[in-house]
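Predicted, not measured: the structure shown is a model, and the values here were computed from it.
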Number of protein chains: 2
Amino acid sequence: MLQKAILKISSLSPQSMISFLAAWKYWSVPKDHLLVREQTVSDYLYFIQKGAARIYYYKNGKEITEWIALDEQFFLSITSYFQRTPSHLIIQTLEPSEVYGISYNDFMALADRHHDIEKLLRKMITASLILSQERMDSIQFETAHQRYDRLLKTSPNIIQRVPLSYIASFLGITLETLSRIRSSR
Amino acid sequence: MLQKAILKISSLSPQSMISFLAAWKYWSVPKDHLLVREQTVSDYLYFIQKGAARIYYYKNGKEITEWIALDEQFFLSITSYFQRTPSHLIIQTLEPSEVYGISYNDFMALADRHHDIEKLLRKMITASLILSQERMDSIQFETAHQRYDRLLKTSPNIIQRVPLSYIASFLGITLETLSRIRSSR
DNA sequence: CAGGTGATTTGACATTTGTCAAATAATAAT
DNA sequence: ATTATTATTTGACAAATGTCAAATCACCTG
């Protein structure tokens, strides 16, 4: 559960852990629920205990899927959580899901009070940074085909759980290109 | 100078500042000096006081310029500093330069000892993350032409100081494409 | 200043992916 | 089951960028 996932990132003193866990909210939501609506002010970092969700936003009238999260993953809109832009992001569950979230302000306040929470935050952001770099490398140097193969390797069951249109957008290609990639194997 | 650049990111107690500054090494190096050679073990985070430098590595026999830094910028190889891969990165000065650097291990040890240094580190990584996201967004959604225009806007004088071949690689395009972009305006 | 080396530009063509339109398949609702 | 709706596939063509080869240009050295 949440506590275990936290400890995988960094250890916390019992006192810090108590304060930290208390700051997380919990939602149990049905499929196709919007966790964050456009225009919402408060930004959350999420942990999806069970289920599937995607983060997306609109760019020139088109949906861009920024991230897809399956069970037991932390996820957030990096752009929104740390830069507060584009604020028009939407988080939508793709299955009935159990989700935890902690607000930006709560997390920062706790990081200020507890050195070990600050360190945890730093490690989480570092992990994000590494992911971001890997994804950039993938977009820059790999063909669409290679990116699809890589995704399959990382999340073999994502195809069964997420519509292809979202996957295409997540991979940075069109639905048609993804379809052609899939039929050529 | 370095202290001022640090304070722009986050404030430090006098005690922390003294310890932190003491951990930085200083080099004054000529043009075309290799700050980090391939195979080097220790990875540094750099601050270029004056001059120009680029970080690059080889991928399938080709030079990939990961970053170009001009005066008064912090810079590092994200992949190398945080993941320790690809370790075959090279940092080369493009002008006579004055450079400061702090090793990964020293920085982490100081972050463990001082909460405010940990927070500074977190803010630096956050800034890196935001840059990384912006760059990914640029690579994913902008044409080569738009990326070039954006670079010109950010660093108008980079063209005079850095060979086009490095700039092309930094923008993720070939030298020929960059040349055509430049001639079409 | 002449020659040589490296940097940049130009040309012809190939490849990858996108766009738009239509067809087909899958799923949900009556 | 039948229809309606949505998801996926397919086709024809266009746009952006890459590749390889050659031509220029710029600068440094003797």
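For the pair His145(B) NE2 and dG18(D) P, the interatomic distance rounds to 14 Å; values are reported in whole Å. Between the CG atom of Leu175(A) and the C1' atom of dT6(D) there is a distance of 12 Å, rounded to whole Å. One atom, NZ of Lys31(A), and another, P of dT6(D), lie 14 Å apart when rounded to the nearest Å. In this structure, CD1 of Ile159(B) is placed 14 Å from C1' of dA7(C), rounded to the nearest angstrom. Summarising the geometry, the separation between CD1 on Ile181(B) and P on dT17(D) is reported as 6 Å, rounded to the nearest angstrom. Nucleotide dT5(D) holds its P atom 18 Å from the CG atom of Asp32(A), rounded to whole Å. The distance between atom CZ of Arg182(A) and atom P of dT24(C), rounded to the nearest whole Å, is 20 Å. Going from atom CG of Leu164(A) over to atom P of dT6(D) covers 17 Å, rounded to whole Å.
Among the heavy atoms of the strands, none lies under 4.0 Å from Leu178(A). At the heavy-atom level, Thr143(B) lies under 4.0 Å from the strands shown only through sugar-phosphate atoms.
Residue Lys50(A) qualifies as open at atom NZ: its count of foreign heavy atoms under 6.0 Å is 12 or below. Counting non-hydrogen atoms of other residues, nucleotides and ligands closer than 6.0 Å to NZ of Lys31(B) gives a total of 12 or fewer. Residue Glu72(B) places its CD atom among 12 or fewer non-hydrogen atoms of other residues, nucleotides or ligands, all under 6.0 Å distant.
No side-chain donor from either of Ser138(A) and Arg147(A) sits under 3.5 Å from a side-chain acceptor of the other. Inspection of the Ser132(B) and Gln133(A) side chains reveals an N or O donor paired with an N or O acceptor under 3.5 Å. Ser16(A) and Ser19(A) share no side-chain donor-acceptor pair at under 3.5 Å. For the residue pair Gln92(A) / Asp32(A), a side-chain donor-acceptor distance below 3.5 Å is found, with atom types taken as modelled.
Among Phe107(A), Trp27(A), Tyr104(A), Phe75(A), the single residue meeting the ring pair (Phe, Tyr, Trp, His ring centres under 6.0 Å) criterion with Tyr44(A) is Trp27(A).
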*Determine, step by step, whether Glu66(B) and Asp137(A) satisfy the side-chain contact (heavy atoms from CB on, under 4.5 Å) criterion, reporting the C-alpha distance in whole Å, the side-chain angles of both residues, the deciding distance to 0.1 Å, and the verdict.*
CA-CA 10 Å; Glu66(B) 183 177 315; Asp137(A) 195 83; over 6 Å; no

Please list each protein N or O that sits under 3.5 Å from an N or O in nucleotides 22-29 of chain D, with the distance.
none

List every contact pair, protein side and nucleotides 19-22 of chain C side both N or O, where the distance is under 3.5 Å.
from    : atom 1 : to        : atom 2 : distance (Å)
dC20(C) : N4     : Glu176(A) : OE2    : 3.1

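The side chain of Ser183(B) lies closest to dT10(C) when the candidates are dT8(C), dT9(D), dT10(C).
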